[in-house]
Amino acid sequence: MTTPTPPDAPDDTPAHRYDASLADQIEVKWQDRWQREGTYNTPNPSGLLADGDGAMAGRPKLFVMDMFPYPSGSGLHVGHPLGYIGTDVFARFKRMMGYNVLHTMGYDAFGLPAEEHARQTGEHPRVNTEANIANMSRQLARLGLGHDSRRSIATTDVAYYRWTQWIFLQIFNSWYDADRQVARPIDELVEEFDRGSRQPIGGSWAEMDEQQRRAELEHHRLAYLGEAPVNWCPALGTVLANEEVTADGRSERGNHPVFRRPMRQWMMRITAYADRLLSDLDLLDWTDSIKTMQRNWIGRSEGAHISFEVQGRSDEEVIEVFTTRPDTLFGTTAMVLAPEHPLVDRLVGAAWPEGTPDLWTAGAATPAEAVAAYRRRVAEMSDLDRQENNTKSGVYLGVECVVPVNGRRVPVFISDYVLMGYGTGAVMSVPGQDQRDWDFATLYGIDIVRTVEPPAGFDGEAYVGDGPAINSDFLDGMEVGPAKAAMIGWLEEHDRGRGAITYKLRDWLFSRQRYWGEPFPIVYDEMGLPLAVPEDQLPVVLPELIDWAPRALDEQSEPEPPLGRATEWVHTHYDLGDGRGDREVVRELNTMPQWAGSCWYYLRYLDPTNDEVLVDPGVEQYWMTDAQGRVGGVDLYVGGVEHAVLHLLYARFWHKVLFDLGHVSGPEPFQRLYNQGYIQAAAFQDAREIYVDAEAVVERDGRFYFEGQEVTRKFGKMGKSLKNSVTPDDMYAAFGADTLRLYEMFMGPLDQDRPWETKSVIGSHRLLQRVWRNLVDEDTGACAIDDAAPPPDLWRATHRTIDAVTSAMEDLRFNSAIARLTELNNDLTRYDGPTPRAVADALTLMLAPLVPHFAEELWERSGHTTSIVYEDFPVADPDLLTEETVEVPVQVNGKVRARIQVATQLDGDALAAAALADPRIAELTGGAEIRKVITVPGKLVNVVVG
RNA sequence: GCCCGGGUGGUGGAACGGCAGACACGGGGGACUCAAAAUCCUCUGCUCGCAAGAGCGUGCGGGUUCAAAUCCCGCCCCGGGCACCA
């Protein structure tokens, strides 16, 4: 709550006590030296960043990475660096364990957040972004993070986005060969068309003119211009990806209304990779929850496409449905289409057939009127209304279609419970086996035929479980699985359908009508079709614009990309290498979405200075190939769970394209993913439920007061909106960066959310003070350790600590590692005499990953002349891990009743004898029958009496 | 509704079937001090008891086991994700 006053108190404090001001001196000193000496520069096997003396060459590699931040202008709070500290501790630990560790940091600086912020401050995004990056790097450096600063990138650097554009061209110039399940260069598709080994979608290749051929290729490219229903957000002046729109139809950023509207936009054919994105999840060392989220997002379902002929209509008006339950086809009693299904206008009947129930007509004079009225009604309902009010409704089209397998004629409806965006936008309604169909059928008086036998007594709803087929002719008696297979067989044999797989995943909408993003390396000629800017003409530099702000527009208007205002930039000329020489073209005006730069930054970290290739193949192989035969990629990727779907799915997709085209050596970018938790903090609301400044709240008797008024406490993510931020600067002033690092690692397991308690930080500060006092004379500042060999007990305790700390660090259980180190230090505090050097060194080395400045300083004061960063982590001697005797608890019927001191090596029988000989145990078991004695040598005895 | 996590002292958390509560914060007591701060020592799950000790105890109810916070079954609560996905 209140910022603590520094605990360095009055005048009689020893001159060399480890307090905030000494911590500050030490931290600045070592940060300067690390910077000067390039301590964290990590050598590549070759190229500009290769190691001078080859000292790292023989070491195994480890690539540790954080999800890079948006350089926002508001500065850091103590919640931000949690993951960065975690990776830093792990990277330092692994360096000391003999690894060549790559760890750096970059900035995801394009995109809406940076631009919206710039819009509010009125500064040009580039000025603003660069200032923010400088500020953020300074704040991170102050934490003592051991990053290789030579490798830092920002996605807004021209030298970086040149390669983002290059990757875009790779994708644009590729198509997906569904037979071989790989992306291939588009030139190879042209060759296949030329040879006739593959046929175009749009007719005969030989007979196509140039424009038709280019249009044909658009249908195959992995990056293409597509006319699709998109999310148009007039307030932001741009379209958004599905992933950027919330469930209630608003923009994730800014919470503005979003409208669905068909527009011509850039798309990425991620759906081609749906199956590989799904199945390769099995190769990854990620948490189940993230894998599950990706699986749900991809949304694979197996089933069948089935064709339904419409009564009295031509073959061109056949309705295609997708179903996961082809086995229930005999139970189909209606057909339901999405209101916006393209066939609806053609299918709709001229008049209501004789005997149409009033309920089906919605009171309209003709089917066409009913459809028009229903569509209007649906359009007026927001997505939220639909969710809250999911009573089904629909109208009859006045026509019937025919169920292929039994010739039954069933009515065709439209209803808003069928979505155009999934499957074929049409469902065969089987009320007996689908609850939604049941609801609709009961409402509209549609027949219900059960085709799976429900359990006895089951009634009143659809039965979706397993069971034998009934009312289904040749399927009768079969269980669901075999019945599905049999029905698919029948459909294929009679050419009425086929087995099929559908995905929820849609192609990725890749263009934005924004200024602050990567320009597309695309131009248009007189045919109006996109052409690639040649690779050797990259980068296409974002033009300087004074008026870069997006216009707020209304629902009906067309997007106005700000780049359209850069007239001279837009109208340009290129020699496109197509034999036509230099000619006039116009540029693509859209920019790429924020995700583009973050899709591949890990690759640029590897070889950031290379201007010949994206990344040198040898360097890529060194860092991205796994020695243990796992899939390879970044060894540890740490970040927030909010990127579970978007960023991680897009990056995997790009990586797979690059893999197919031979630019990277493995199919996946991130071997192991770890989600750090969030730091929560108490926030306080007054009577009007308005948040008040948490720092000004005082506690009395478990109640909380702000300016005399009682307020209520809640916990939430630290930040401006809850007015509960604590800044690292305050923590440096009160304790120093090492204390902040130590506290954040001690609060709990890295993957868990944890509440910030400023008053608890003192505990971590005290630990460092006690360690300091055990090794340094507080009055003189001189080293206070002793060269004599440590006594056996203390030496054993040291080795047990080494053992425990090593395994805790390996598992990222830093809180447990710190607890063990505290215990060893408590032993030292109680130890009578100056600390033995061997123990002091081991303790300092073990602390080094956690509190690097503090450890460097102790290391130097105790007489070492080299940096501790590359020293070996201590190794536990197995002989020293056990004591000669051990105290063993003795249980009677599972309850501890005595403890005996025995030789550690004592075997089961001897241990049992020793336990039974204990007077208290003898007393408790005397007279009772001893049924069994369980012994775990060195651990426990349990005497079972009857 | 479905799918993931998670529920342990006053608080953060520890314990990978074997002594529940390590370590820390907070709190009590003591030493040092004229006094305070800092430091050091010590106690601190709950109940009963002067004590030795006993009983209870890891969200709730069952089960497996010599032994369960941990494994199994059924509930409850909290957090997150998805949601008319055919």
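Proteins come first, then strands; the chains are lettered A, B, ... in the order of their sequence lines, and each starts at number 1. Values below: all heavy atoms of this structure, side chains included; hydrogens, waters and symmetry mates excluded.
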In whole Å, what separates the [atom1] atom of [N] from that of [M]?
N      : M      : atom1 : answer
U65(B) : G28(B) : C1'   : 42 Å
C40(B) : C23(B) : P     : 15 Å
A67(B) : A20(B) : C1'   : 14 Å
G5(B)  : G55(B) : C1'   : 36 Å
A36(B) : C43(B) : C1'   : 24 Å
U11(B) : G62(B) : C1'   : 32 Å
A54(B) : C16(B) : C1'   : 33 Å
A69(B) : G13(B) : C1'   : 14 Å

Value in whole Å for how far the [atom2] atom of [N] lies from [atom1] of [X]:
X         : N      : atom1 : atom2 : answer
Glu757(A) : G13(B) : CD    : P     : 11 Å
Gln294(A) : G81(B) : CD    : P     : 15 Å
Leu750(A) : G12(B) : CG    : P     : 18 Å
Asp439(A) : G1(B)  : CG    : P     : 15 Å
Tyr422(A) : C82(B) : OH    : P     : 17 Å
Ile930(A) : C66(B) : CD1   : P     : 17 Å
Asn893(A) : G55(B) : CG    : C1'   : 16 Å
Asp19(A)  : A37(B) : CG    : P     : 19 Å

query = Just checking, any donor-acceptor pair under 3.5 angstrom between side chains of Ser301(A) and Tyr422(A)?
reply = yes
Hey, does Arg300(A) reach any base, or is it just sugar-phosphate, or nothing, if we go heavy atoms under 4.0 Å?
nothing
(Q) Need one value for Ser301(A): base, sugar-phosphate or nothing, where a base atom within 4.0 Å counts as base even if backbone is also close, heavy atoms only. (A) sugar-phosphate
Its glycosidic angle compared against 90° from 0, G45(B) adopts the form anti
I'd like to know if the side chain of [X] reaches the main chain of [Y], judged simply by a donor and an acceptor atom lying under 3.5 Å from each other, with no hydrogens or angles considered.
X         : Y         : answer
Thr935(A) : Pro937(A) : no
Gln294(A) : Leu281(A) : no
Thr835(A) : Asn774(A) : yes
Arg375(A) : Glu340(A) : no

Testing C40(B), A86(B), G53(B) for proximity to the side chain of Arg773(A), the answer is C40(B)
Winner on side-chain proximity to Asp288(A), out of G5(B), A38(B), C66(B), is G5(B)
Under the rule of Watson-Crick or G-U wobble with both distances under 3.5 Å, where | means paired to another strand and [ ] a crossing pair, RNA chain B maps to (((((((..(((.....[....)))((((((.......))))))((((....))))..(((((..]....))))))))))))....
Ring centres under 6.0 angstrom apart (Tyr743(A), Phe735(A))
no
Q: Flag the pair Phe814(A) / Phe746(A) as yes when their ring centroid distance falls below 6.0 Å, and as no otherwise.
A: no
Within 45° cone of Tyr678(A) ring axis and under 6.0 Å: Lys717(A) NZ or CZ: yes
Letter by letter from the 5' end, nucleotides 14-29 of chain B scores (B base, S sugar-phosphate only, - none; protein heavy atoms under 4.0 Å) SSB-BB--BBSSS---
Look at [X] and [N] and indicate whether a side-chain polar atom (N or O) is within less than 4.0 Å of OP1 or OP2.
X         : N      : result
Thr829(A) : C40(B) : no
Lys895(A) : C56(B) : yes
Arg295(A) : C82(B) : no

Residue pair Thr292(A)/Lys932(A) against RNA chain B: nearer the 5' end by closest nucleotide is Thr292(A)
Result for 5'-nearest mapping on RNA chain B, choosing between Gly423(A) and Ile290(A), is Ile290(A)
So, Arg300(A) and Glu302(A), do they make that salt bridge, N to O below 4.0 Å? yes
One should read off an interatomic distance between Arg295(A) CZ and Leu278(A) CG, to the nearest 0.5 angstrom, of 6.5 Å
Decide side-chain contact (heavy atoms from CB on, under 4.5 Å) for Arg813(A) and Ser807(A); before the verdict, give the C-alpha distance in whole Å, the side-chain angles of both, and the deciding distance to 0.1 Å. CA-CA 8 Å; Arg813(A) 292 183 293 112; Ser807(A) 67; 4.2 Å; yes
